[in-house]
Amino acid sequence: MQIIDTKKELKVVLDAARAEGKTIGLVPTMGALHEGHASLVSRSVKECDLTVVSVFVNPTQFNDKTDLENYPRTLDADCALLRELGTDVVFAPSVSEMYPEEDTRIFSYPPTDTVMEGAFRPGHFNGVCQIVSKLFYAVEPTRAYFGEKDFQQVAVIKAMVRDLKLNLEICPCPIVREKDGLALSSRNTLLTDSERKIALNISKYLFESKDFMKTHSLAETKDFVISNINAVEGLEVQYYDIVDGDTLQTVANWDDSVSVVGCITVFCGHRPVRLIDNVRYK
């Protein structure tokens, strides 16, 4: 496994692989890797001739300076895991390598990027598109793998790929959870033991709502999730929206769409730690 920190060296390695007709898989990450990331890497290793995993905490997608500073950074442990998984190249650039000058590009894909995370984190998806497009240009992957825990992010990246007319396949991968139901997230490492226990209520009530919705309206189901999670001391729902799985627009009734997904963000603990999750209703 090669660990590369410059785009120039990365290009030399990948151009040689392309010259041999090899397919290239890319798994973009911000590090602090867990089994969710591992599932993406394993799929890429299985489906592609060469797998590149980027490890880069991207400053332009954080609208909260404290959140950026507190984001876990564990490159040595990440590389150890990636080596075990059969990764070919780890691309771990510096901020100056990816942003030698300010990126002034504006990416806008309403209404996909203006709701939910887009509404509560101004500039977040523009930052995501800046760094992901830079990675796509640097790697020129055949396929790129993203986790569906970041359901809205996948939709925005698909919109960007269409907009930029990039020749690659976006491969969404299912949420990976702990045995107790907690969605795997790099932010989970920031939780204390007691905070982790209360965080389990997020997936608990999302799962329970799948049965609840069978005999209740969409509005009642939305209230069921929000009220139950907010009733747990230490948890506060920032938003819970039930949306069309393709357009990400709010739906009013269960029969308004063939694909319906509930997307939630919850503040957990005293710091607090911001956790996201989602559940598919149909």
For this session: Using the ring of Y99 (Phe, Tyr or Trp, six-membered ring only), decide whether K134 places NZ or CZ under 6.0 Å from its centre and within 45 degrees of its axis.
Result: yes

For this session: Please say which of Y205, F224, Y281 ends up in a ring pair (Phe, Tyr, Trp, His ring centres under 6.0 Å) with F212.
Result: F224

Problem set entry | CA sep, side-chain torsions, deciding dist, call: S94, E97, side chain to side chain donor-acceptor pair (under 3.5 Å) | CA-CA 5 Å; S94 64; E97 177 68 18; 5.2 Å; no

Polar side chain donor-acceptor pair, [X] to [Y], under 3.5 angstrom:
| X | Y | answer |
| --- | --- | --- |
| R280 | S259 | yes |
| T142 | T23 | no |
| T265 | Y239 | yes |
| T250 | D241 | yes |

Exercise. Pick from K197, R196, K204: which one makes a side chain to side chain donor-acceptor pair (under 3.5 Å) with D180?
Worked result: R196

Look only at the side chain of [X] and the backbone of [Y], and say whether a donor-acceptor pair between them is shorter than 3.5 Å.
| X | Y | value |
| --- | --- | --- |
| D78 | V55 | no |
| Q152 | D113 | no |
| T6 | E9 | yes |

Give a yes or no on whether [X] atom [atom1] has more than 12 heavy-atom contacts from other residues, nucleotides or ligands under 6.0 Å away.
| X | atom1 | answer |
| --- | --- | --- |
| E35 | CD | no |
| E69 | CD | yes |
| N167 | CG | no |

Exercise. Quick check, are the ring centers of F62 and Y71 under 6.0 angstrom apart?
Worked result: yes

Exercise. With side chains defined as the heavy atoms from C-beta onward, is the minimum distance between R105 and S133 less than 4.5 Å?
Worked result: yes

Problem set entry | Test log, rule side-chain contact (heavy atoms from CB on, under 4.5 Å), inputs M213 and W254 | CA-CA 9 Å; M213 61 86 70; W254 296 120; 3.3 Å; yes

Exercise. So, E236 and R274, do they make that salt bridge, N to O below 4.0 Å?
Worked result: no

